[in-house]
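Because the structure is a prediction, the values reported are computed rather than measured.
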Amino acid sequence: MLANLNRYKIVLASNSPRRKELMTGLGVDYVVKTLLDVDESYPDSLQGEEIPLFIARKKAAAYQSVMHPEELLITADTIVWHEGKALGKPSGREDAIEMLRNLSGKSHQVITGVCLTTCEWQKSFAAVTDVRFATLDEDEIIYYVDHYQPMDKAGSYGVQEWIGFVGVESISGSYFNVMGLPIQRLYRELKQL
């Protein structure tokens, strides 16, 4: 499929094992490149999907000076948007527990911003998925935080892990977006290049 990509060397700029898994599932050849310490801060005035789009573009900008003409760079950022606030990766165990307490019994949005960049052009898009959590017991929250890897995940949870099995009541939108990359939308965007 995606024969139109043959003119590019696809570069996924991400340390995320989930993004790598999803890209591999797409069936395209790609390489992973990561720069250390890309600043993921953003202006306080940004809201909702503006935040991960801003960060995905910022990540792309960090790579532009080392890009080769044949490369197509893919950068992405995911946030959880809950009650008018962005929840990124937790700062520690207590922060992770508090985030999950706040999500318990409520709905939130998972928003991923994706940026496609070459030396000549750039295109960005965002995907939004609505997620509803069941009410979680304190013991369930602590069990998850202590036995899984919430520290590298927006909103302190991985939908593909135990908490997703027992806590997610419903999803409206892309499941893979909740994992960190809206792969169906990415496929469509790549197909149109």
Side-chain angles (χ1 to χ4, degrees), residues 8 10-23 26 30-67 71-92 95-96 98-100 102-103 107-131 149-160 171 173-190 193:
Y8 296 113
I10 309 295
V11 176
L12 176 64
S14 178
N15 281 320
S16 165
R18 293 157 302 280
R19 288 191 182 122
K20 292 173 194 171
E21 175 187 345
L22 293 169
M23 278 296 294
L26 194 56
Y30 70 96
V31 297
V32 174
K33 288 186 183 177
T34 55
L35 294 175
L36 297 176
D37 300 324
V38 175
D39 176 23
E40 295 188 16
S41 64
Y42 57 89
D44 291 340
S45 60
L46 298 183
Q47 297 284 305
E49 66 184 56
E50 295 172 333
I51 296 167
L53 281 170
F54 179 88
I55 297 171
R57 290 181 191 122
K58 196 174 190 182
K59 288 177 180 178
Y63 285 85
Q64 284 187 312
S65 66
V66 295
M67 281 184 68
E71 289 181 332
L72 169 59
L73 181 74
I74 300 172
T75 54
D77 190 73
T78 301
I79 64 163
V80 167
W81 185 253
H82 179 63
E83 296 178 344
K85 290 192 326 190
L87 303 181
K89 296 171 186 169
S91 60
D95 192 29
E98 188 60 29
M99 280 188 197
L100 291 170
N102 288 332
L103 296 176
S107 295
H108 62 273
Q109 293 183 316
V110 177
I111 309 171
T112 301
V114 179
C115 187
L116 306 176
T117 305
T118 70
C119 290
E120 290 83 39
W121 55 264
Q122 185 173 77
K123 182 175 185 179
S124 303
F125 62 89
V128 181
T129 303
D130 296 311
V131 180
Q149 289 88 34
M151 300 307 165
D152 69 337
K153 296 172 180 75
S156 302
Y157 78 93
V159 70
Q160 71 283 1
I171 293 177
S174 169
Y175 170 83
F176 299 112
N177 183 49
V178 184
M179 283 180 65
L181 193 63
I183 202 71
Q184 187 274 336
R185 174 75 186 275
L186 177 59
Y187 173 80
R188 252 189 9 228
E189 296 290 342
L190 292 173
L193 294 181

Could you pull out the closest heavy-atom pair between [X] and [Y], with the gap in Å?
| X | Y | answer |
| --- | --- | --- |
| Ser14 | Val32 | O-CG1, 3.4 Å |
| Thr112 | Gly180 | CG2-O, 3.7 Å |
| Ala62 | Ser65 | O-OG, 4.4 Å |
| Cys115 | Ser124 | SG-OG, 3.5 Å |
| Glu50 | Ser45 | OE1-O, 4.2 Å |
| Met151 | Ala96 | CE-CB, 4.1 Å |

Does the side chain of [X] come under 3.5 Å of the side chain of [Y] through a donor N or O and an acceptor N or O?
| X | Y | result |
| --- | --- | --- |
| Arg185 | Ser174 | no |
| Arg19 | Thr78 | yes |
| Ser41 | Lys58 | yes |

Minimum side-chain heavy-atom gap [X]-[Y] below 4.5 Å:
| X | Y | value |
| --- | --- | --- |
| Tyr30 | Lys20 | yes |
| Val110 | Val159 | no |
| Met23 | Ile10 | yes |
| Leu186 | Leu22 | no |
| Tyr175 | Val131 | no |
| Ile111 | Ile51 | no |

Starting at [atom1] of [X], measure out to [atom2] of [Y] and round the result to the nearest 0.5 Å.
| X | Y | atom1 | atom2 | value |
| --- | --- | --- | --- | --- |
| Ser156 | Lys89 | OG | NZ | 11.5 Å |
| Leu181 | Glu21 | CG | CD | 11.0 Å |
| Phe125 | Leu116 | CZ | CG | 5.5 Å |
| Asp152 | Ser16 | CG | OG | 7.0 Å |
| Leu73 | Gln64 | CG | CD | 8.0 Å |
| Lys85 | Ile79 | NZ | CD1 | 12.5 Å |

Donor-acceptor pair, [X] side chain versus [Y] backbone, under 3.5 Å?
| X | Y | answer |
| --- | --- | --- |
| Tyr63 | Thr75 | no |
| Tyr157 | Met99 | no |
| His82 | Leu87 | no |
| Asn15 | Thr34 | no |
| Tyr42 | Leu53 | no |

